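Chain A is the first sequence line, chain B the second, and so forth, proteins listed ahead of strands; every chain is numbered from 1. From a predicted model like this one, the values you see are computed outputs, not experimental measurements.
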There are 2 protein chains.
Amino acid sequence: MLSKKTKYGIKALTYLARRENNEPVQIAEIAKSEHISIKFLESILLLLRNSGFLGAKKGKGGGYYLIKEPKDISMAKVYRILEGPIALLPCASHNFYEKCDDCDDEATCAARRLMTEVRDNTLKILESNSLADIAF
Amino acid sequence: MLSKKTKYGIKALTYLARRENNEPVQIAEIAKSEHISIKFLESILLLLRNSGFLGAKKGKGGGYYLIKEPKDISMAKVYRILEGPIALLPCASHNFYEKCDDCDDEATCAARRLMTEVRDNTLKILESNSLADIAF
DNA sequence: AGTTAATTCTACTAAATTAGTATAGTTTTA
DNA sequence: TAAAACTATACTAATTTAGTAGAATTAACT
């Protein structure tokens, strides 16, 4: 299951993408509209900013705004920042690979085999969807 | 990411499936071979027994054994018992559906849209794989 | 120019949940 | 009687979610 962080992050990005213009939107506005705890959302937006998805403007009239076109924002990248590995097992992950210490032989591990197949398909879907694809 | 419960459960089922005969195998044997805490594995096997995947025989010479043919054990069902919902959001789940309390309108929720697509594909894979498919 | 209000940013804390492990026994059966 | 599954519970650690307090920045107003 996705963490709320990821769900909220996706909803916030969607909210920004659906805006006509790309002027800064305040955290409070997004939080209210999407029913998200304002402080929790604050940390999520900050993460998305530090990861290069959002820009921020401080002070009066400030807020967050998309830094790229929605069609150029890959949901796979968003997922990796917010949720972490796409694979369901560390040993089936490209970007976050780790060997299982309980596993003698990866080649014959049935769990790995199955989860690799799941991973490949999930990745394909997340990579083929941009923010624009899911927002509109 | 999968919980260890699920990973260990799949590995234990695989271990049993790879056995030539279907005689009871003791927890300790599986635990040792797969490097799993014996007590943790105990609770997992118990769950799999109570869910109709395994039979158990008590006392000397006892142990756990598969109650069905590996080819008749759906990994989707195994996954649901061990890990829970296949969907990444409760609102995108068939078997464990729950409305999000933060969501005004499911129809326009981008997160739901995306996660439903992921779910459909993951489900297809898990349903098309039996224990026999991944063990051999 | 200086003050004020609105806003992001930073750091710390805390509550709640979940995962994983450990302990101590009871029951069943060869 | 010994070997095994079964039951119950309690503990620890990690993670997630959220809250608190204040610093830094900026725009607008006087």
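Atom P of nucleotide C/dT21 and atom NE2 of B/His35 are separated by 14 Å, given to the nearest angstrom. Between the C1' atom of C/dA19 and the OH atom of B/Tyr8 lies a distance of 11 Å, rounded to the nearest Å. A straight line from NZ of A/Lys4 to C1' of C/dA15 spans 14 Å, rounded to a whole angstrom. The separation between A/Leu41 atom CG and D/dT16 atom P is 18 Å, rounded to whole Å. Rounded to a whole Å, the CG atom of B/Leu16 is 11 Å from the P atom of D/dA5. Between the C1' atom of C/dT21 and the CG atom of A/Asp102 lies a distance of 15 Å, rounded to the nearest Å. When rounded to the nearest whole Å, the span between CZ of B/Phe40 and C1' of D/dT9 equals 16 Å. When rounded to the nearest whole Å, the span between CG of B/Leu47 and C1' of D/dA5 equals 15 Å.
Contact record, A/Arg112 with A/Thr116: O-OG1, 2.6 Å, taken as the closest heavy-atom pair. In plain terms, the two heavy atoms of B/Asp133 and A/Arg113 that are nearest each other are O-NH1, 4.4 Å.
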Which nucleotides of nucleotides 5-14 of chain C have their base under 4.0 Å from a protein heavy atom (B), which only their sugar-phosphate (S), and which neither (-), written as one string 5' to 3'?
-BBSBB----

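For B/Lys68, the NZ atom counts as densely surrounded, since its 6.0 Å shell holds more than 12 non-hydrogen atoms of other residues, nucleotides or ligands.
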For a quick test of your reading: what N or O donor-acceptor pairs under 3.5 Å do the side chains of residues 43-55 of chain B make, sequence neighbours left out?
| residue | atom | partner | partner atom | Å |
| --- | --- | --- | --- | --- |
| B/Ser43 | OG | B/Phe40 | O | 2.7 |
| B/Asn50 | ND2 | B/Leu46 | O | 3.4 |
| B/Ser51 | OG | B/Leu47 | O | 2.7 |

Going by atom type alone, with no hydrogens or angles, which donor-acceptor pairs under 3.5 Å involve a side-chain atom of residues 17-28 of chain A and a protein atom two or more places apart or on another chain?
| residue | atom | partner | partner atom | Å |
| --- | --- | --- | --- | --- |
| A/Arg18 | NE | A/Ala135 | O | 2.8 |
| A/Arg18 | NH1 | B/Thr108 | O | 3.2 |
| A/Arg18 | NH2 | A/Ala135 | O | 3.0 |
| A/Arg18 | NH2 | B/Thr108 | O | 2.7 |
| A/Arg19 | NH2 | A/Glu29 | OE1 | 3.1 |
| A/Arg19 | NH2 | A/Glu29 | OE2 | 2.2 |
| A/Asn21 | OD1 | A/Glu23 | N | 3.3 |
| A/Asn22 | OD1 | A/Leu66 | N | 3.4 |
| A/Asn22 | ND2 | A/Leu66 | O | 2.8 |

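The shortest distance between the side-chain N/O atoms of B/Ser3 and the OP1/OP2 oxygens of C/dT18 is not below 4.0 Å. A/Ser43 has no side-chain polar atom (N or O) that falls below the 4.0 Å cut-off from OP1 or OP2 of D/dT17.
Electrostatic pairing of B/Asp102 and A/Lys7 counts as a salt bridge here, judged by a charged N lying under 4.0 Å from a carboxylate O.
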